[in-house]
Amino acid sequence: LGDPLCVWSRGDTPQESTNITHPGFKTPVEDHAYDQADRTTLNCDSFFVSCRAFDDPDVQFIDLRIPNGSNESHVPAKETTYMNWNFELPGDREYHIVGFDPILDNLNIIHHFALTACQNRIPTGRGYESFNLYPGCESTVYIWSFGLGAECIPEQAGVAFGGSEPRFVQLQLHWTNTQLRQDYIDTSGVRIYYTSKLRPNRMGTFWLGQQNLEIPPQQASTISASTCSAQCTRTLLDQGPVYFTSAFPHMHFLGKSLLVDHQSAQGHRKRILDDKVYNYNSPTVYDYGPNFIQVNPGDAFHTSCEYNSVGKNTTTRWGFGSNEEMCYAFVRYFPKRGELVCTQFSNFDICYSQSYVEGPRCSFFAYNENITQTVNRAIGECQNVLTEAQRPTPPTEPVCSATCLEQIDRVLQAYRSPCQQTRHKTEWEALDALLQPRLHALQTAHAHCTNAGTVVTVSATGDPQLEERSSASCSTATSLTNAILICIPLLVQIVFPSI
């Protein structure tokens with residue numbers, strides 16, 4: 001697919017047709033011979049954005065990337081990996097970022113990456129593997145997805161750091177190693193251009209979308225809709241209107257289209273994001289300059305995400321993995337009022353500003369993402385167990401999956417989070433109610449596994465191994481692992497008392 005020389009036209013054979021990675025990208029990236037190719041037939045300019053501000057004598061730059069040679073630069077031999085690395089930026093005064101330029105090292109595995117600002121001091125110079133960000137690192141600074149080039153921030157605003165603004169940031173890379181290769185290295189990251197000459201406004205990020213996705217298999221079209229309500233914008237924009245400067249749609253590989261309508265408080269409705277043919281490998285950034293979109297308290301937004309699951313044989317749910325899905329529009333806006341989230345979980349509003357803190361290291365938005373992801377993955381891992389448990393005639397010797405038990409234990413750990421002690425009652429009870437059918441299913445899987453005489457595990461080679469599990473009582477469990485496996489029904493009733 002594609003032509004690294006960017007000279008292909010319909011009906012022609014590319015001059016190079018072997019060992020091509022992704023359409024429209026030169027390989028290797030650092031080879032500049034392709035930069036001078038004739039692009040009159042196929043326009044590749046969108047990948048090579050130039051910002052005038054980058055050449056300003058007052059503008060400096062810093063490269064944020066995983067160090068070459070570090071353990072964290074080695075890509076694990078598994079399909080989905082989230083790798084994190086922490087950095088400290090200059091903090092002697094406030095600076096404004098005027099642009100971002102992605103540094104792309106290994107296009108074979110890089111899915112996307114995000115740079116987030118952290119409210120507190122965090123350890124730097126080291127990394128860790130997890131889709132969970134470091135506590136307090138929730139404010140979006142920059143998101144890169146496959147097919148995007150440099151980003152220029154409009155001259156009316158800048159992304160602030162230092163001084164009274166955060167100076168610690170976290171880079172999170174999402175790797176997709178579908179070939180399970182063990183020899184991949186990646187040191188991708190981002191170059192940030194910044195200046196001490198402050199712009200008139202600080203730039204923020206506004207989230208729109210749906211966080212509860214269940215896409216049935218073998219369907220040419222499944223639509224998931226969400227609304228950012230007028231009540232929510234009145235809460236988030238209580239200090240007055242803001243201005244949208246650009247929007248970036250984000251789904252994964254099942255994504256077919258993504259639309260966003262802006263409805264004013266007076267009822268006037270206008271489409272502001274019209275991605276009728278969504279392509280994950282070639283996303284479109286919608287630039288609203290120079291006539292930026294004014295958003296007033298009481299305005300509403302309607303988001304529609306469409307998916308094509310014809311090639312899937314199982315239900316696809318919301319999640320961070322490449323084989324899971326998302327439905328978001330990330331919008332740049334000014335003046336900054338915090339990290340503004342106006343999404344939905346099913347028909348329940350998630351209306352959140354980073355300035356609103358429910359408790360130590362807790363936010364409803366971040367916790368909702370974590371618990372939803374954890375529950376969905378547990379359901380996926382326990383599907384075979386549930387199928388067996390729900391048969392009209394239970395098997396004489398039921399079989400349990402060790403990975404199912406592991407995932408359900410993660411759900412229990414998530415529900416025992418300190419956030420449970422500080423949560424906002426109305427919001428969290430609504431989330432619990434929406435998740436309750438899935439929690440019921442997990443309880444069924446737990447009960448089935450408790451009665452199972454045999455637990456099936458899978459080794460690295462894929463060969464099943466059988467581990468005989470002896471019966472024991474909760475009170476006589478001799479290890480934490482044993483206690484988790486034996487006391488599951490009791491734990492479920494403690495953590496999920498409404499079930």
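These numbers come from a predicted model, not from an experiment.
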Practice task
Identify whether the distance between the nearest side-chain nitrogen and carboxylate oxygen of Glu165 and Lys336 falls below 4.0 Å.
Solution key: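 Salt bridge between Glu165 and Lys336, a charged N being under 4.0 Å from a carboxylate O: yes.
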Problem - Short N-O contact, Asp183 and Arg181, less than 4.0 angstrom - result: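 Looking at Asp183 and Arg181, the cut-off is met.
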Exercise for the section: Please test Gln211 against Met326 for side-chain contact (heavy atoms from CB on, under 4.5 Å), starting from the C-alpha separation and ending with a verdict. Expected result: CA-CA 7 Å; Gln211 287 184 227; Met326 288 188 173; over 6 Å; no
Which label fits [X] and [Y]: parallel for a plane angle under 30°, tilted from 30 to 60°, or perpendicular past 60°?
X      : Y      : value
His174 : Tyr82  : parallel
His252 : Tyr280 : perpendicular
Phe330 : His250 : tilted
Tyr95  : Phe161 : parallel
Phe100 : Tyr142 : parallel

Within the 4.5 Å heavy-atom criterion, are [X] and [Y] side-chain neighbours or not?
X      : Y      : value
Tyr184 : Gln179 : yes
Phe292 : Phe334 : yes
Leu340 : Thr205 : no
Asn84  : Leu171 : no

Exercise for the section: Determine yes or no for a side-chain-to-main-chain donor-acceptor pair under 3.5 angstrom, with Tyr278 supplying the side chain and Ser282 the backbone. Expected result: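 Pair absent, no side-chain N/O of Tyr278 close to backbone of Ser282.
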Exercise for the section: Measure from the side-chain N and O atoms of Asp105 to the backbone N and O of Thr187, and report whether any donor-acceptor pair falls under 3.5 Å. Expected result: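 Checking the backbone N and O of Thr187 against the side chain of Asp105, a donor-acceptor pair under 3.5 Å is found.
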Handout entry: Near-ring test Phe206/Phe244, centroid separation under 6.0 angstrom
Key =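 Centroid separation for Phe244 and Phe206: below 6.0 Å.
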Practice task
Return yes if a side-chain donor-acceptor contact under 3.5 Å exists between Asn296 and Gln294, otherwise no.
Solution key: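 There is such a pair (donor and acceptor under 3.5 Å, judged by atom type) between the side chains of Asn296 and Gln294.
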Problem - Glu155, CD atom: more than 12 neighbouring heavy atoms under 6.0 Å - result: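 It does not: Glu155 CD has 12 such atoms or fewer within range.
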Exercise for the section: Verify the neighbour count for atom CD of Gln231: are there more than 12 heavy atoms of other residues, nucleotides or ligands below 6.0 Å? Expected result: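 Atom CD in Gln231 is not packed in, count stays at 12 or less.
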Practice task
Test Gln170 against every option in Thr116, Val141, Thr124 by the side-chain contact (heavy atoms from CB on, under 4.5 Å) rule and name the one that passes.
Solution key: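 The residue from Thr116, Val141, Thr124 that satisfies side-chain contact (heavy atoms from CB on, under 4.5 Å) with Gln170 turns out to be Thr116.
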Exercise for the section: For Tyr286 and Tyr288, run ring-ring contact (aromatic ring centres under 6.0 Å, His included): C-alpha distance rounded to whole Å, both residues' side-chain angles, the deciding distance at 0.1 Å, then the answer. Expected result: CA-CA 6 Å; Tyr286 290 78; Tyr288 301 132; 7.2 Å; no
Practice task
With salt bridge (Lys or Arg N to Asp or Glu O under 4.0 Å) as the test, would you mind laying out the steps for Arg332 and Glu151 before giving the verdict?
Solution key: CA-CA 11 Å; Arg332 292 281 196 194; Glu151 179 185 3; 2.9 Å; yes
Exercise for the section: Take the SG atom of Cys342, take the SG atom of Cys228, and say whether they are under 2.5 Å apart. Expected result: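 Between Cys228 and Cys342 there is a disulfide, given that their SG atoms are under 2.5 Å apart.
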